[in-house]
Undergrad: 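Please read through the structure below; I'll follow up with questions.
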Number of protein chains: 2
Amino acid sequence: MLKKERHDFIMRQINLHNRVLTSDLVQLLNVSEDTIRRDLQELVDENLLYKVHGGALSKSYHSSFDDSTVYARESKIAIGKKAIQLIKDGMVVLTGGGTTILELVKLLPQGLSATFFTISPLVAVELAKYNNIEVILIGGLFSKNSQVTYGGQVITQLSEIKADLCLMGTSAIHPDEGLTDTYWEINQLKKAMLACAKRTAVLCISEKLDIALRLRVCPIESISYLITELDNAHESLFRYKEKELNIL
Amino acid sequence: MLKKERHDFIMRQINLHNRVLTSDLVQLLNVSEDTIRRDLQELVDENLLYKVHGGALSKSYHSSFDDSTVYARESKIAIGKKAIQLIKDGMVVLTGGGTTILELVKLLPQGLSATFFTISPLVAVELAKYNNIEVILIGGLFSKNSQVTYGGQVITQLSEIKADLCLMGTSAIHPDEGLTDTYWEINQLKKAMLACAKRTAVLCISEKLDIALRLRVCPIESISYLITELDNAHESLFRYKEKELNIL
DNA sequence: TTTTAATGTGCGTGTTTTTGCGTGTTATTG
DNA sequence: CAATAACACGCAAAAACACGCACATTAAAA
């Protein structure tokens with residue numbers, strides 16, 4: 001492999017992930033650490049990236065760091081960190097859309113090898129940054145509001161999938177009413193997602209606890225994991241602990 | 001073997017693989033290293049390729065699919081402006097992926113009422129910003145390189161669609177060889193897209209003109225419109241005008 | 001046909017680039 | 001503060017390179 005190609009590869013990784021580890025590059029490119037270090041130094045000289053102990057960072061990363069337009073981003077990252085513990089190598093995972101799922105995906109470990117089905121284009125794009133993850137985007141009508149695909153075709157395709165784990169954002173959850181939603185189409189969609197996964201994890205920031213909306217998706221017992229940003233011992237979770245439900 | 005023949009051979013290799021190694025050429029052409037080096041230097045002088053230690057790279061080779069800095073963005077906007085003239089109210093349009101298409105979508109008139117099928121999640125998200133456009137995302141395996149869905153499922157779904165117009169980005173176009181591509185899957189995909197649309201418009205920045213890659217998608221006659229950023233009278237387009245092809 | 005000039009090609013020589021390794025130093029972590 | 005990992009520096013071998021020169025081939029001029 002030519003040096004220029006290596007540089008291109010590194011810059012590609014940087015643009016994709018905003019960071020690279022020296023050790024990863026050594027493995028991926030099959031050259032010595034010194035070579036990688038020299039490459040990184042040369043790219044620094046060209047003002048293309050920012051070198052740190054252990055690897056390098058994207059130059060634009062720091063300047064555009066504050067994409068804090070995401071509401072309650074800190075909470076969602078906390079939820080994401082908990083949720084990734086459920087994902088193991090070799091798993092087939094089904095995900096919905098929403099900013100919480102998106103934050104989770106950004107936190108996945110680089111080496112993870114798994115298959116992801118998703119109804120969210122944005123999640124698909126983010127997942128595609130991981131070399132060892134196979135991404136299948138479930139197609140259909142595209143919802144302008146929730147930025148996911150929906151409709152009959154999606155549900156048909158979901159019925160053909162067998163997933164180990166389903167990761168689902170939530171509109172509302174209530175200890176007695178279970179999972180609920182406002183829109184018929186989204187409701188149908190979530191039912192279909194639940195049906196095709198062995199276990200389902202609901203990702204839910206605390207302010208959506210104890211709310212019931214118009215349409216019932218499923219009772220609380222159909223859910224395997226409830227993941228919030230709260231400490232496990234937090235009082236808001238008492239009512240949920242009484243059910244057969246793992247709280248993370 | 002004549003020098004010109006060697007040069008043609010080298011350029012062919014470059015267009016095919018985006019790179020050549022000096023050592024490979026020495027073997028393939030059975031001449032001395034010096035001759036190859038001189039050849040490469042001459043091709044550099046003609047501005048046809050990019051020389052590096054160990055070989056040479058294609059000039060139009062840009063590996064990074066970097067969304068922050070779209071390559072040749074001005075040209076792509078110019079192409080987009082021309083292409084939207086083809087889109088009328090009520091149409092069913094099929095689009096591929098790529099930055100050119102993405103720029104086009106951003107230029108669509110707000111009031112446009114149409115149905116768009118697309119294999120690109122990013123295009124879908126962008127299209128969703130228009131109230132009167134119905135967006136159907138065609139799902140399937142998601143390609144990390146080209147950021148579109150592909151594979152058997154996509155092709156099956158495409159076969160069920162009847163579109164008025166297909167908007168397609170391009171890897172390479174050549175007056176004799178037609179539309180060509182490097183990857184089998186993308187090649188199959190483009191064939192399927194062509195098959196389901198009444199007319200096809202190829203969006204192509206000028207530096208991708210007159211290049212032939214490994215796999216043939218279709219002859220030039222199968223295309224209805226060729227859209228570049230160049231003026232209609234530009235000499236680069238002469239060879240294309242001879243064919244039955246509308247140049248915009 | 002012969003001469004002359006121009007161009008193309010290969011080889012020898014010396015230079016530069018690239019790369020991996022050994023050594024010792026600096027950061028990071030528990 | 002000690003163990004580990006990451007780092008910087010210099011060195012040496014190998015590869016790639018540039019340059020000049022000689023020889024071959026070709027083509028036009030004499």
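All chains are named by letter (A, B, ...) in the order of the sequence lines, taking the proteins before the strands, and each is independently numbered beginning at 1. Computed from a predicted structure; not experimentally measured.
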Undergrad: B/K76 vs B/E229, test: salt bridge (charged side-chain N to carboxylate O under 4.0 Å, His left out). Steps then yes/no.
TA: CA-CA 7 Å; B/K76 288 174 179 177; B/E229 84 278 18; over 6 Å; no

Undergrad: Rounded to whole angstrom units, what separation is found between the CG atom of B/L21 and the P atom of D/dC17?
TA: 10 Å

Undergrad: Mind calculating the distance between CG (B/L40) and P (D/dC17) to the nearest angstrom?
TA: 8 Å

Undergrad: Do B/L122 and A/V125 touch side chain to side chain, with heavy atoms closer than 4.5 Å?
TA: yes

Undergrad: If we count only N and O atoms by modelled type, under 3.5 Å, do the side chains of B/D181 and B/S171 hold a donor and an acceptor together?
TA: yes

Undergrad: Say whether B/K144 and A/N131, considering side chains only, have a donor N or O and an acceptor N or O under 3.5 Å apart.
TA: no

Undergrad: Check nucleotides 22-27 of chain D for protein N or O atoms closer than 3.5 Å to its own N or O atoms and list the pairs.
TA:
none

Undergrad: Indicate, with a heavy-atom threshold strictly under 4.0 Å, whether B/V52 touches base, sugar-phosphate, or nothing.
TA: sugar-phosphate

Undergrad: Using heavy atoms to find the nearest nucleotide of DNA chain C for A/H53 and A/R6 separately, return the residue whose nucleotide is more 5′.
TA: A/R6

Undergrad: Kindly say whether, by distance alone, the side chain of B/D34 makes a donor-acceptor pair under 3.5 Å with the base of C/dC11?
TA: yes

Undergrad: In whole angstrom, what separates B/L29's CG from C/dT9's P?
TA: 11 Å

Undergrad: Whole Å only: how far is the CD1 atom of B/I36 from the P atom of C/dG8?
TA: 15 Å

Undergrad: Taking atom C1' of D/dC7 as reference, at what distance in whole Å does atom CZ of A/R37 sit?
TA: 5 Å

Undergrad: Looking across every strand, which nucleic acid part, if any, lies under 4.0 Å from B/K4 by heavy atom: base, sugar-phosphate, or nothing?
TA: nothing

Undergrad: Is there a side-chain contact between A/I87 and A/L167 (heavy atoms, below 4.5 Å)?
TA: yes

Undergrad: Within the 4.0 Å heavy-atom criterion, would you say A/S23 contacts the bases, only the backbone, or no part of the nucleic acid?
TA: nothing

Undergrad: Between D/dA6 atom C1' and A/Q41 atom CD, what is the distance in whole Å?
TA: 14 Å

Undergrad: Can you identify which nucleotide, out of D/dA8, D/dC17, C/dT9, has its nearest atom closest to the B/R38 side chain?
TA: C/dT9

Undergrad: Could you tell me whether the phosphate oxygens of C/dT9, OP1 or OP2, come under 4.0 Å of any side-chain nitrogen or oxygen in B/T35?
TA: no

Undergrad: If you measure only the distance, is there a donor-acceptor pair under 3.5 Å linking the side chains of A/T118 and A/T95?
TA: yes

Undergrad: Counting just side-chain N and O atoms, does A/T22 come under 4.0 Å of either OP1 or OP2 of D/dC7?
TA: yes

Undergrad: B/H7 NE2 to C/dT7 C1': how many Å, rounded?
TA: 13 Å

Undergrad: For B/Y240 and B/D210, test the side chains for any donor-to-acceptor distance below 3.5 angstrom and give the result as yes or no.
TA: yes

Undergrad: Could you work out which one of C/dT18, D/dC17, C/dT9 sits closest to the side chain of A/K3?
TA: C/dT18

Undergrad: Write down the distance between CD (B/Q27) and P (D/dA15), rounded to a whole number of angstrom.
TA: 14 Å

